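The first residue of the sequence shown is numbered 1, and numbering continues consecutively from there. Just so we're clear, the structure is a prediction, and the values are computed from it rather than from any experiment.
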Amino acid sequence: MPTIAGMILATSALAGSALATEPPAVTDTTERRMQRGSEVLRSLNKGATQPNLERMRAEFPFLAQATEGYALGDVWSRDGLDPRIRQIAAVAVFAAMGEFAFMKIHAQYALNIGVAEEELKEAIYLVTVPAGFPRAITASQALSEIFAQQRAATAREFRGTKP
């Protein structure tokens, strides 16, 4: 029969080994998390920073750090979904929540990484089921703006002109 002291030692040993093998996101420094977040953002935004995040960094530095370190560095950098699926899901979720400003940002990221307009439209069609037609219609209008901007930018690039 195990003794209490033996159980305590075994538990301590297990706890020590668990601490040594925690996932990187748990043991990462803030600096590494921020770096990962910056890399994720630049991969979605054609190598550029995100203007909203930069404005937030000036006025609300803690919120910007949490966004870059946690949302982007810890969550968005995970390997469980490929970037295309992650962006399509983000567009659908933000649309269903009625967060159309965030939806537009993520729709642009989706287009930047090769998601087709038709795929984003399908995500919005799905929104009608959990969130209703008003949210889906508003989301479709916001997406139409993004699509028009994207087409105009593509036409300018083709002609070799700047905005």
Side-chain angles (χ1 to χ4, degrees), residues 23-26 28-163:
V26 175
D28 271 352
T29 64
T30 299
E31 184 178 314
R32 286 195 303 231
R33 294 169 70 225
M34 298 290 288
Q35 179 63 35
R36 257 195 333 268
S38 177
E39 290 168 4
V40 167
L41 183 61
R42 289 175 187 278
S43 74
L44 296 171
N45 206 28
K46 296 183 175 182
T49 60
Q50 214 296 325
N52 293 333
L53 182 63
E54 295 309 313
R55 282 191 298 275
M56 189 175 14
R57 194 181 314 281
E59 292 290 327
F60 299 92
F62 174 78
L63 188 56
Q65 182 178 347
T67 299
E68 192 167 36
Y70 173 70
L72 295 167
D74 288 347
V75 177
W76 234 258
S77 67
R78 293 174 56 83
D79 292 329
L81 296 173
D82 73 57
R84 295 178 80 262
I85 299 300
R86 192 176 304 276
Q87 288 310 124
I88 292 169
V91 167
V93 168
F94 285 128
M97 292 173 62
E99 295 290 343
F100 302 111
F102 288 111
M103 186 210 71
K104 288 173 74 172
I105 290 168
H106 286 275
Q108 185 62 61
Y109 292 161
L111 294 168
N112 289 348
I113 62 172
V115 173
E117 287 183 11
E118 290 303 317
E119 291 173 298
L120 293 176
K121 289 177 183 179
E122 288 297 327
I124 299 309
Y125 299 152
L126 287 172
V127 168
T128 62
V129 177
F133 279 90
R135 288 227 171 124
I137 290 168
T138 304
S140 73
Q141 293 165 344
L143 271 183
S144 290
E145 291 174 20
I146 295 294
F147 294 161
Q149 291 168 359
Q150 184 83 6
R151 290 178 193 129
T154 301
R156 281 192 303 275
E157 287 174 16
F158 181 73
R159 290 191 310 262
T161 60
K162 295 189 176 192

So ring-ring contact (aromatic ring centres under 6.0 Å, His included) across residues 31-74, not counting sequence neighbours, yields none
Closest non-hydrogen atom pair, [X] against [Y]:
X: Gly37; Y: Leu72; result: CA-CB, 3.6 Å
X: Ile124; Y: Ala95; result: CD1-CB, 3.8 Å
X: Ala92; Y: Val127; result: O-CG2, 3.7 Å

Is it true that Lys121 and Glu118 make a salt bridge, defined as a side-chain N closer than 4.0 Å to a carboxylate O?
-> yes
Could you walk me through whether Trp76 and Gln87 pass the side chain to side chain donor-acceptor pair (under 3.5 Å) test, one step at a time?
-> CA-CA 10 Å; Trp76 234 258; Gln87 288 310 124; 2.7 Å; yes
In Å, rounded to the nearest 0.5 Å, how long is the span from [atom1] of [X] to [atom2] of [Y]?
X: Leu81; Y: Ile88; atom1: CG; atom2: CD1; value: 10.5 Å
X: Thr30; Y: Arg33; atom1: OG1; atom2: CZ; value: 6.0 Å
X: Arg32; Y: Arg36; atom1: CZ; atom2: CZ; value: 8.0 Å
X: Glu39; Y: Leu41; atom1: CD; atom2: CG; value: 11.0 Å
X: Met103; Y: Ile146; atom1: CE; atom2: CD1; value: 7.0 Å
X: Ile137; Y: Thr128; atom1: CD1; atom2: OG1; value: 9.5 Å

Excluding sequence neighbours, so at least two apart, what forms side-chain hydrogen bond (donor to acceptor under 3.5 Å, both in side chains) with [X]?
X: Asn45; result: none
X: Gln65; result: none
X: Glu117; result: Arg151
X: Arg57; result: Glu54, Glu68

Please, which pairs that meet salt bridge (Lys or Arg N to Asp or Glu O under 4.0 Å) have at least one residue in residues 127-139, sequence neighbours excluded?
-> none
Taking only residues two or more places apart in sequence or in another chain, which ones pass salt bridge (Lys or Arg N to Asp or Glu O under 4.0 Å) with [X]?
X: Arg84; answer: Glu119
X: Glu145; answer: Lys104
X: Glu157; answer: none

Quick one: are Leu44 and Ile113 in side-chain contact, heavy atoms under 4.5 Å?
-> yes
Report yes if the side chains of Phe147 and Gln150 come closer than 4.5 Å at any heavy-atom pair, otherwise no.
-> no
With sequence neighbours excluded, residues passing side-chain contact (heavy atoms from CB on, under 4.5 Å) with Val93 = Met97
Does Ile105 have any side-chain contact (heavy atoms from CB on, under 4.5 Å) partners at least two apart in sequence or in another chain, and if so, which?
-> Gln50, Asn52, Tyr109
Determine yes or no for a side-chain-to-main-chain donor-acceptor pair under 3.5 angstrom, with Ser38 supplying the side chain and Met34 the backbone.
-> no
Contacts of type ring-ring contact (aromatic ring centres under 6.0 Å, His included), residue Phe94, not counting sequence neighbours | Phe102, His106
